[in-house]
Amino acid sequence: MAIPIKTIGVKVSYAFEETAGTRPTTGYKVFPMIKEVPEMNPTPDMLDTTSMDNLEFTTGVQGLKSLDVLTFTAGFSQDLYDMYNAASTGIMAQWSAAKADGKAMYLCVDIPGLEEICYLSVEPSNLGLPPMSTNSIVDVSLYFTPVSEPIWASDPTYAE
């Protein structure tokens, strides 16, 4: 009997390549207070194969899937702000240095109950000012542009 997967305990983390072209397996830092992970299983494009002998329906073959910019939702906090903006250790400073060295940033979505983890090479966007309303918790959108296909692999080692 299959055991349903719960969102309790899901971790979203990131790490930068130590060696260009080699996905990091250690040093992943967990984002605080992630509340929503975007869909990463889009519908494939349909490549049209319809010909003149089709009389009622179009026909096709499966094409590529298109991942748009990924939007993760997190609770806005000083810890998250610092994770992005710290002068030399923040995501944006590390991204700038990594990009200059031809290295990539990886996101990792770790779902308890699954034997493998989803990894994806991304480019981060700067953290902006989130929307706010009276008497509410402040959430922020974290934007990442995918630069590789998602891959499934073994668990990472997390940074302390």
Side-chain angles (χ1 to χ4, degrees), residues 1-46 62-86 89-99 101-133 136-160:
M1 180 170 108
I3 298 173
I5 302 293
K6 300 180 274 185
T7 59
I8 297 169
V10 169
K11 293 180 200 166
V12 178
S13 58
Y14 73 94
F16 290 91
E17 289 179 340
E18 292 289 325
T19 303
T22 303
R23 179 182 54 82
T25 57
T26 62
Y28 280 81
K29 296 178 184 173
V30 177
F31 285 96
M33 299 190 332
I34 290 291
K35 295 182 175 186
E36 187 173 328
V37 174
E39 172 79 45
M40 285 186 257
N41 186 31
T43 303
D45 290 335
M46 184 178 107
Q62 182 172 298
L64 296 173
K65 295 179 178 183
S66 178
L67 278 180
D68 293 323
V69 172
L70 302 173
T71 305
F72 291 77
T73 303
F76 196 46
S77 66
Q78 187 65 51
D79 288 344
L80 182 64
Y81 180 86
D82 292 344
M83 181 180 269
Y84 263 81
N85 297 312
T89 60
I91 288 172
M92 298 315 296
Q94 290 180 72
W95 167 242
S96 180
K99 188 174 181 180
D101 290 340
K103 298 176 182 175
M105 175 183 180
Y106 276 81
L107 285 184
C108 168
V109 180
D110 187 345
I111 305 167
L114 291 183
E115 293 177 5
E116 291 189 316
I117 309 305
C118 184
Y119 295 91
L120 182 68
S121 179
V122 297
E123 290 187 6
S125 292
N126 284 311
L127 192 60
L129 182 65
M132 293 171 257
S133 60
S136 64
I137 299 298
V138 180
D139 289 336
V140 66
S141 295
L142 310 177
Y143 299 109
F144 300 96
T145 303
V147 295
S148 74
E149 295 182 0
I151 58 170
W152 292 87
S154 59
D155 289 4
T157 301
Y158 294 101
E160 295 303 317

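Computed from a predicted structure; not experimentally measured. Every heavy atom of this structure was used, including side-chain atoms; hydrogens, water molecules and symmetry mates were not.
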To the nearest 0.5 Å, what is the distance between CG on Leu127 and CE on Met83?
11.0 Å
Does any N or O in the side chain of Lys29 come within less than 3.5 Å of the main-chain N or O of Ala15, such that one atom is a donor and the other an acceptor?
no
Drop me the distance from Phe144's CZ to Leu142's CG, to the nearest 0.5 angstrom.
5.0 Å
Answer yes or no: is there a side-chain heavy-atom contact under 4.5 Å between Lys6 and Pro112?
no
Can you pull the side-chain hydrogen bond (donor to acceptor under 3.5 Å, both in side chains) pairs that have at least one residue in residues 89-98, sequence neighbours excluded?
none
Thr19 side chain near Lys103 side chain, heavy-atom distance below 4.5 Å
no
Spacing of Leu70 atom CG and Ser141 atom OG [to the nearest 0.5 Å]
12.0 Å
Testing Tyr106, Tyr28, Phe31 for ring pair (Phe, Tyr, Trp, His ring centres under 6.0 Å) with Tyr14, which one passes?
Phe31
Separation between CD1 (Ile34) and CG (Leu80), nearest 0.5 Å, reads 7.0 Å
Do Met105 and Val122 touch side chain to side chain, with heavy atoms closer than 4.5 Å?
yes
Any side-chain hydrogen bond (donor to acceptor under 3.5 Å, both in side chains) involving residues 107-131? Give me the pairs, sequence neighbours left out, ordered by first then second residue.
Asp110-Tyr158
Of all heavy-atom pairs linking Asn41 and Lys65, the shortest is OD1-NZ, 3.1 Å
Which pair of heavy atoms, one from Ser77 and one from Met33, lies closest together, and at what distance?
CB-CE, 4.2 Å
Between Ile151 and Arg23, does a side-chain contact (heavy atoms from CB on, under 4.5 Å) hold up when you go through it step by step?
CA-CA 10 Å; Ile151 58 170; Arg23 179 182 54 82; 3.5 Å; yes
To the nearest 0.5 Å, tell me how far Met40 CE sits from Leu107 CG.
7.5 Å
Residues 138-155 vs salt bridge (charged side-chain N to carboxylate O under 4.0 Å, His left out), sequence neighbours excluded, gives Lys35-Asp139
Less than 4.5 Å apart, any side-chain heavy atom of Pro156 and any of Thr26?
no
Less than 4.5 Å apart, any side-chain heavy atom of Ile117 and any of Val109?
no
Contact check, side chains of Thr25 and Thr157, non-hydrogen atoms, under 4.5 Å:
no
How long is the span from the CG atom in Leu120 to the CG atom in Leu67, to the nearest 0.5 Å?
6.5 Å
Are the side chains of Phe16 and Pro24 in touch, meaning some heavy atoms are under 4.5 Å apart?
no
